[in-house]
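To start, the structure itself, in structure tokens.
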Amino acid sequence: MRHPVARLLYQVGVALTLLGAGPFLLASKGRHYLATLTGRLGGGSAPDPTPRLWLHAVSVGEVAVAATLARALPPELPLLVTTVTPTGQERARVAFSQQRAAIAYLPFDLGFALRRFLGRFRPTALVLVEGDYWPLLLARLAERDLPIVVVNGRVSDRSFGRLAALAGRWPRLLDAFFAPVARFGMQTGEDARRLEALGVPAERVRVTGNLKYETTAPADQPDLLSLVRRLAAGRPVLVAGSTMAGEEEAVLGAFRRAGGGGRALLVLAPRHPERFAEVERLVARSGLAAARRSGSPAAADLEVLLLDTLGELAALYALAEVAFIGGTLVPKGGHNPLEAARFGVPVVVGPSMENFREIADAFDHARAWRRVADAAELATAFDQLLGEPAAARELGARGAGLIEANRGALTRTLEMLGPWLAT
């Protein structure tokens, strides 16, 4: 985006979009977004004199990938980590608490906000985790001769269709997104082929693999695990993690049809904190005995534990006899199944896994999880996996073995980043 008129028109469009969306965001998520406005406008604390490698991770999933990468970098290397969502911000503060990392929100793609932000921090290079291309930001960094590299990159089915349509009508338009990037490390050969089909030269594209396979063990949560064991009172633990709107009703119904609290303890973990109260009301209407994790529950006859805390779900999978991965029964593209599979837990997912296409294909091919189409099939899966522990363990073992067989992306990513880490 080099032409001044194009930049002006783009920023006007961004500003009008923000003004139009502002009332909705404030009405629906005001307590989350209002407090972050200063940071999103590039403001905040005093300028940071420390040059930092900048890792940008949109939300929770990308933060986990960024943390995996960061743990392999030199410990003395100062980092700047930005996110877009409040949940990603909270997770980043936990994940990078032991490193020399400044945590901030990505500023809006407006000239004044970017100037303020880049004046506060002095990034030496930008590493985009999986993508998230903002034309004005990339142009400003290119003008400063700051390298931009993509790691764990992917081009989803939806994004490819949209970008291909844009490229067909305005062939040079995608240059604003891709031209400033020095190297793209992509998850799969298909992602690389799609990027090249969008006009990125092949010499700037590498297939490095999926860093999600390299996720390290979560931090120990002994108090949480002790609590859940006590609440389970010898029953199996069934975890429904990262659930989205429209899924909790299906999970609760399937749990009841599979025997309910007389057979297992259900731990229900909504993806977004702003939905905790809503999900609590759904559970209450189901008639199941429930409590929030934050309320220090004590009743041994509890049927549903609502996990309304952040940063605990990954460790909790270690106790699960069965795990359902949310965002898959509704068309949201899915969430990461590896956090559960790494513990050898049998995993159940719905049909929507577009955001994890390579992982889903690998799990399908290895028969390393159970696919269900709806709430009725979910109930059958719960019933069978709880009733046939040997078969469930075999299913879980295939998932854990698949993860072990796919390691190596971290080494390839570090090799790709080498020239820029040395600058």
Side-chain angles (χ1 to χ4, degrees), residues 55-66 68-69 83-85 87-88 106 109 127-135 137-138 148-170 173-181 183-200 202 204-215 242-247 271-272 325-339 349-365 369 371 406 409 413:
L55 306 179
H56 174 57
V58 175
S59 192
V60 173
E62 294 83 2
V63 167
V65 171
T68 296
L69 175 62
T83 75
V84 172
T85 69
T87 49
L106 183 75
D109 208 28
V127 176
L128 294 172
V129 179
E130 298 193 6
D132 200 34
Y133 307 93
W134 292 94
L137 167 63
L138 299 181
I148 304 164
V149 185
V150 171
V151 301
N152 219 50
R154 64 187 183 93
V155 183
S156 68
D157 298 345
R158 180 180 299 180
S159 295
F160 182 61
R162 291 175 175 174
L163 292 172
L166 286 175
R169 296 186 66 181
W170 299 288
L173 184 61
L174 296 189
D175 285 351
F177 297 94
F178 299 140
V181 179
R183 189 77 78 243
F184 296 83
M186 307 304 288
Q187 294 181 19
T188 70
E190 178 62 21
D191 290 308
R193 285 188 290 273
R194 288 180 172 185
L195 201 60
E196 291 169 22
L198 294 172
V200 177
R204 289 165 50 204
V205 182
R206 293 187 185 179
V207 178
T208 51
N210 194 333
L211 284 168
K212 287 186 169 69
Y213 281 113
E214 305 284 348
T215 301
S242 299
T243 57
M244 307 288 283
E247 290 186 313
R271 178 73 168 185
H272 299 299
I325 307 301
T328 62
L329 272 181
V330 292
K332 296 295 184 180
H335 293 128
N336 186 2
L338 303 180
E339 290 181 335
V349 298
S352 181
M353 283 295 294
E354 298 84 2
N355 290 343
F356 296 84
R357 181 180 58 250
E358 181 208 9
I359 291 174
D361 288 345
F363 270 74
D364 285 337
H365 181 74
W369 59 9
R371 286 268 203 175
N406 277 278
T413 299

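Values below: all heavy atoms of this structure, side chains included; hydrogens, waters and symmetry mates excluded.
Counting heavy atoms from C-beta on, the side chains of P337 and I359 come closer than 4.5 Å. The closest side-chain heavy-atom distance from E247 to K332 is not below 4.5 Å. D364 places a side-chain heavy atom less than 4.5 Å from the side chain of W369. Proximity of V149 to V181: side-chain heavy atoms (C-beta onward) are nowhere separated by under 4.5 Å. Put simply, the side chain of P351 reaches to within 4.5 Å of the side chain of L329, judged on heavy atoms. At a threshold of 4.5 Å between non-hydrogen side-chain atoms, the residues V205 and E196 count as touching. The shortest distance between side-chain heavy atoms of H272 and T85 does not fall below 4.5 Å.
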From CA spacing to verdict: side-chain contact (heavy atoms from CB on, under 4.5 Å), R371, V349: CA-CA 5 Å; R371 286 268 203 175; V349 298; 3.8 Å; yes
Run H335 and M244 through side-chain contact (heavy atoms from CB on, under 4.5 Å) and show every step you take. CA-CA 10 Å; H335 293 128; M244 307 288 283; 3.5 Å; yes
Kindly indicate, with the supporting measurements, whether the criterion side-chain contact (heavy atoms from CB on, under 4.5 Å) is fulfilled by V84 and S59. CA-CA 6 Å; V84 172; S59 192; over 6 Å; no
Full working for salt bridge (Lys or Arg N to Asp or Glu O under 4.0 Å) between D157 and R194: CA-CA 10 Å; D157 298 345; R194 288 180 172 185; 3.0 Å; yes
Kindly indicate, with the supporting measurements, whether the criterion salt bridge (Lys or Arg N to Asp or Glu O under 4.0 Å) is fulfilled by R193 and E190. CA-CA 5 Å; R193 285 188 290 273; E190 178 62 21; 3.2 Å; yes
Between Y213 and Q187, is a side-chain contact (heavy atoms from CB on, under 4.5 Å) present by the stated rule, with each step listed? CA-CA 11 Å; Y213 281 113; Q187 294 181 19; over 6 Å; no
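Interatomic distance, W134 CH2 to L106 CG, rounded to the nearest 0.5 Å: 7.5 Å. Taking CG of N406 as the reference point, atom NZ of K212 lies at 13.5 Å (rounded to 0.5 Å). Atom CG of residue L137 and atom CG of residue L128 lie 7.5 Å apart, to the nearest 0.5 angstrom. Atoms CG and CG, from L211 and N152 in turn, are 4.5 Å apart once rounded to the nearest 0.5 Å. How far CE of M186 is from OG1 of T208: 8.5 Å, rounded to the nearest 0.5 Å. To the nearest 0.5 angstrom, R154 atom CZ is 14.5 Å from F160 atom CZ.
The two residues R271 and G61 have their closest heavy-atom pair at NH2-N, 4.0 Å. The nearest pair of heavy atoms linking E354 to S352 is OE1-OG, 2.7 Å. In plain terms, the two heavy atoms of A57 and A66 that are nearest each other are CB-CB, 4.3 Å. The shortest non-hydrogen separation linking G131 to V150 is N-CG1, 4.3 Å. When all heavy atoms of A179 and R204 are compared, the closest pair comes out as O-NH2, 3.5 Å.
The side chain to side chain contact (heavy atoms under 4.5 Å, CB included) with V58 is formed by just one residue from the set V63, D132, T83; it is D132. Test L173, D109, L174, D175 against P135 for side chain to side chain contact (heavy atoms under 4.5 Å, CB included) and you get one pass: D109.
A donor-acceptor pair under 3.5 Å links the side-chain atoms of E214 to the main chain of A409, judged by distance alone. Remark: side-chain polar atoms of T188 are not paired, donor with acceptor, to backbone N or O of E358 under 3.5 angstrom.
Using bins of under 30°, 30° to 60° and over 60° for the plane-to-plane angle, the ring pair Y133/F184 lands in the tilted bin.
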